[in-house]
There are 2 protein chains.
Amino acid sequence: MSPDQDADDPSAPPATPTVTPKAAYHHGDLRAQLIAAVRELVETHGPDGFSVAEAARRAGVSSAAPYKHFKDRPEILRGVVSEAMDRLRAAMEAGAAAHPRASLEAVAAVGLAYVEFARGEPGVFRLVFGLTEGHENAPDLLAKGEGCFGVVVQAVAACLGLLPGDPDVQRRAYMLWSFVHGHSFLTIDMKHKVASAEIDDWDYLMRISRAMLAPAAQA
Amino acid sequence: MSPDQDADDPSAPPATPTVTPKAAYHHGDLRAQLIAAVRELVETHGPDGFSVAEAARRAGVSSAAPYKHFKDRPEILRGVVSEAMDRLRAAMEAGAAAHPRASLEAVAAVGLAYVEFARGEPGVFRLVFGLTEGHENAPDLLAKGEGCFGVVVQAVAACLGLLPGDPDVQRRAYMLWSFVHGHSFLTIDMKHKVASAEIDDWDYLMRISRAMLAPAAQA
DNA sequence: TGACGAAAGTTAGCACCTCTCACATATGTT
DNA sequence: AACATATGTGAGAGGTGCTAACTTTCGTCA
């Protein structure tokens, strides 16, 4: 079995009593070091411009060592994506927490965290949402995606004074998300100068949030 | 002799010669055939799951032949992207042309063409907007991206009765585009069930277009 | 027409990459 | 101390990107 994905789970793990912090036998948590190396490579050389061999080289191990921790090349990428999604979600939650609950600012802050993540780590961001072969066999990644969406839903629901399960909330949250997602992508792609230069993100997001949460948006 | 023979491509892409149709010496427009093969591979095996060797194999030539037509592996991908952007733009223009000028429907139709392209060729769509190394040395791709954006701008300008150069038009067009772009990506990623199942695209796009073209969106 | 040069294909081959296998070494448990 | 297991290494098979050198086809022009 080899519990691969045990990060720092605050929730008490009942199944595995032994492995709590990390695996540090020979090398000292090679797994995390590999993920860090791959993240760096993806960021500098593009999503497909990395190699397992190069990551191993950077970690100071042989080119076969990574396969003791990951089954595949894709599995390493999935590891990077998983870790990145944790950080993305944390950033979104922090954004929301920096403003009063049930405020338009909280909603906009969630979106801003999203955009800033994309701008800060464009390669990883692209990897997260460009992964196709990983998602099929990776329900945990799907779950984390749902978790991120949940943050948006929470903020929207609070702002509207409705329950998160409300279809209207879901719909508005989805619209908001697709907006922010598209803006993020266009920004890092620099597909148009407007994206990177002439747009004040906060203004933009506040305007969008207001429009999407207005009663008229339901129609 | 006109080399307009469709070799083995009964599928979507209509006659769109990517570049000079001058290459028909031995094989018969190997360049176009390679691009078609790569497009197919990208669509089935994912953006990074293709190889020049496999494409050459499918085209029935040796693995070195592609390098007579393309300098690099990335250049082949750029060829596919270029051809795809031509088709995307054509689809967007056709969408707009199917409705009266200066109508909300024309704007929504441009977006619908975009979404349908993404749904129809998710792999290629992802490739188009996931290409990083190609864009630096490829001003033609950037120009084509601008061209696609121009279609949106045209529709929006006509609908608002303003000039395409108007910053307000540019801004609204960008907002619309980011919305459509994000929706397309989320749809093909199936990041959330709402995206693929519970959304009527036309309704969605009409609502978005109306919201983005309303005077209030300017604020 | 025939010679020539360029275009478009071939094989051979190097360097690199992914991934596996057999083997070596550290670690915790009994 | 002995064992089973987790974690490392090196060798190597097979695939891939790309280049070099050679061969074949085609258009052109004296």
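The basis for the numbers below is simple: all heavy atoms, side chains too, and nothing from hydrogens, waters or symmetry mates. Labels below follow one simple rule: chain letters A, B, ... track the order of the sequence lines, proteins then strands, and each chain is numbered from 1.
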Could you say whether K68(B) or D72(B) is positioned toward the 5' end of DNA chain D, judged by the nucleotide with the nearest heavy atom to each? D72(B)

To the nearest 0.5 Å, atom CG of D201(B) lies from atom CD1 of I208(B) at 11.5 Å

Rounding to 0.5 Å, atoms CZ (R57(A)) and CG (L41(A)) come to a distance of 10.0 Å

Is the CZ atom of R87(A) crowded by more than 12 outside heavy atoms at less than 6.0 Å? yes

Tell me the interatomic distance from [X], atom [atom1], to [N], atom [atom2], rounded to whole angstroms.
| X | N | atom1 | atom2 | answer |
| --- | --- | --- | --- | --- |
| L77(B) | dT16(D) | CG | C1' | 14 Å |
| F50(A) | dT18(C) | CZ | P | 7 Å |
| D48(A) | dG17(D) | CG | C1' | 13 Å |
| H45(B) | dT16(D) | NE2 | C1' | 15 Å |
| E75(B) | dC18(D) | CD | P | 10 Å |
| K71(A) | dT20(C) | NZ | C1' | 13 Å |
| Y67(B) | dC18(D) | OH | C1' | 5 Å |
| R58(A) | dC17(C) | CZ | P | 12 Å |

Please classify the nucleic acid contact of S62(B) as base, sugar-phosphate, or nothing, using heavy-atom distances under 4.0 Å. base

What nucleic acid atoms does A64(A) come within less than 4.0 Å of, heavy atoms only: base, sugar-phosphate, or nothing? base

Measure from the side chain of [X], starting at C-beta and using heavy atoms only, and say which of [options] lies closest.
| X | options | answer |
| --- | --- | --- |
| L30(B) | dG9(C), dT18(C), dC19(C) | dG9(C) |
| S51(B) | dT9(D), dG17(D), dT20(C) | dG17(D) |
| R73(A) | dC18(D), dT18(C), dT10(C) | dT18(C) |

Using a cut-off of less than 4.0 Å, is there contact between a side-chain N or O of R31(B) and OP1 or OP2 of dA7(C)? no

Tell me whether the side-chain N/O atoms of H69(A) come closer than 4.0 Å to OP1 or OP2 in dG8(D). yes

Are M206(A) and V107(A) side-chain neighbours, meaning at least one heavy-atom pair lies under 4.5 Å? no

Is there a side-chain contact between H183(B) and H181(A), using heavy atoms and a 4.5 Å cut-off? no

